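Down below is the structure, laid out as structure tokens.
Reckoned from all heavy atoms, side chains included, excluding hydrogens, waters and symmetry mates. Please read all numbers here as calculations on a predicted model, not as lab measurements.
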Amino acid sequence: RVLLASPGRTDGSGSLVVRNNVFDGASHFEGFFFTNLALWTGPFDFMNNTVRVAPDDRARNTSSLITLQANGQPGPYLLSVANNVFVGEGEANAIDFFDEGELDVDYNVFFNFSAVFERGSSSTGTNNIVGSDPRLMGDVLELGAGSPALNAGATPAQYDAVPAVDFDGTARPQGAGYDIGAHERE
């Protein structure tokens with residue numbers, strides 16, 4: 001697992017912001033696991049990350065890169081997943097929400113997954129890019145020329161947690177709009 005987060009493990013409250021990270025070599029099997037979604041009292045934002053599954057990682061049964069649980073508690077949930085690049089290995093799903101329902105997942109690139117959502121979950125977003133190669137290059141997974149992620153991201157006016165700078169400290173945006181992922185192409 002890359003990240004496990006649960007507000008119920010401490011005082012039953014909390015916030016979490018994960019942004020501008022490059023995760024190369026993640027696992028399809030619960031690479032990111034977030035639980036007790038209904039207990040988060042502050043923002044829970046997963047923004048402008050670039051995540052690539054390890055090339056030799058094969059999916060196990062019904063596995064997903066991101067696993068979410070609300071433990072049967074109704075929403076609304078304060079979770080936002082936006083401006084991320086997710087690259088799979090073709091056999092697993094990107095997101096599994098055990099409790100089903102609608103999530104705020106928008107302005108992401110999902111490439112090489114068998115499906116984006118598992119178990120009947122869906123997204124309020126209509127700006128996800130599904131099935132297009134983000135054209136990652138180099139060891140730090142920068143966006144290559146012609147990437148569909150270029151100038152296609154959400155802005156801070158849409159999501160407060162969209163960072164003003166990228167992974168390398170470069171100001172956002174550099175082009176006509178914000179880039180999706182950890183890197184802003186100059």
Subject >> Co-membership, hydrophobic cluster, residues Leu143 and Phe23, 4.5 Å side-chain >> reply: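 No, no single cluster joins them.
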
pair [X]-[Y]: side-chain heavy atoms closer than 4.5 Å:
X: Pro134; Y: Val87; answer: yes
X: Phe46; Y: Ser80; answer: no
X: Phe34; Y: Phe44; answer: yes

Has the side chain of [X] got a donor or acceptor atom that lies under 3.5 Å from a matching backbone atom of [Y]?
X: Asp104; Y: Leu78; value: no
X: Asn83; Y: Ala154; value: yes
X: Asn108; Y: Val81; value: yes
X: Asn84; Y: Asn49; value: yes
X: Asp45; Y: Met47; value: no

Judged by modelled atom types alone, do [X] and [Y] share a side-chain donor-acceptor pair under 3.5 Å?
X: Ser114; Y: Asn93; answer: yes
X: Tyr107; Y: Asn127; answer: yes
X: Glu118; Y: Ser64; answer: yes
X: Thr67; Y: Asp96; answer: no

Original post:
Between atom CZ of Phe111 and atom CD of Glu89, what is the distance when rounded to the nearest 0.5 Å?
Top reply: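 Interatomic distance, Phe111 CZ to Glu89 CD, rounded to 0.5 Å: 9.5 Å.
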
Subject >> Criterion side chain to side chain donor-acceptor pair (under 3.5 Å) on Asn20 and Arg172, from CA distance to verdict >> reply: CA-CA 12 Å; Asn20 274 346; Arg172 292 182 187 267; 3.1 Å; yes

Original post:
Taking the hydrophobic residues Ile, Leu, Val, Met, Phe, Trp and Tyr, and joining any pair whose side-chain heavy atoms are under 4.5 Å apart, which ones share a cluster with Val17?
Top reply: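 Members besides Val17: none; it forms no cluster.
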
Under 3.5 Å donor-acceptor pairs involving side-chain atoms of residues 174-183, not counting sequence neighbours:
unit_1: Gln174; atom_1: NE2; unit_2: Ala171; atom_2: O; d: 2.9
unit_1: Asp179; atom_1: OD1; unit_2: Asn151; atom_2: N; d: 2.7
unit_1: Asp179; atom_1: OD2; unit_2: Arg185; atom_2: N; d: 2.7
unit_1: His183; atom_1: ND1; unit_2: Asp168; atom_2: OD2; d: 3.1
unit_1: His183; atom_1: NE2; unit_2: Val140; atom_2: O; d: 2.7

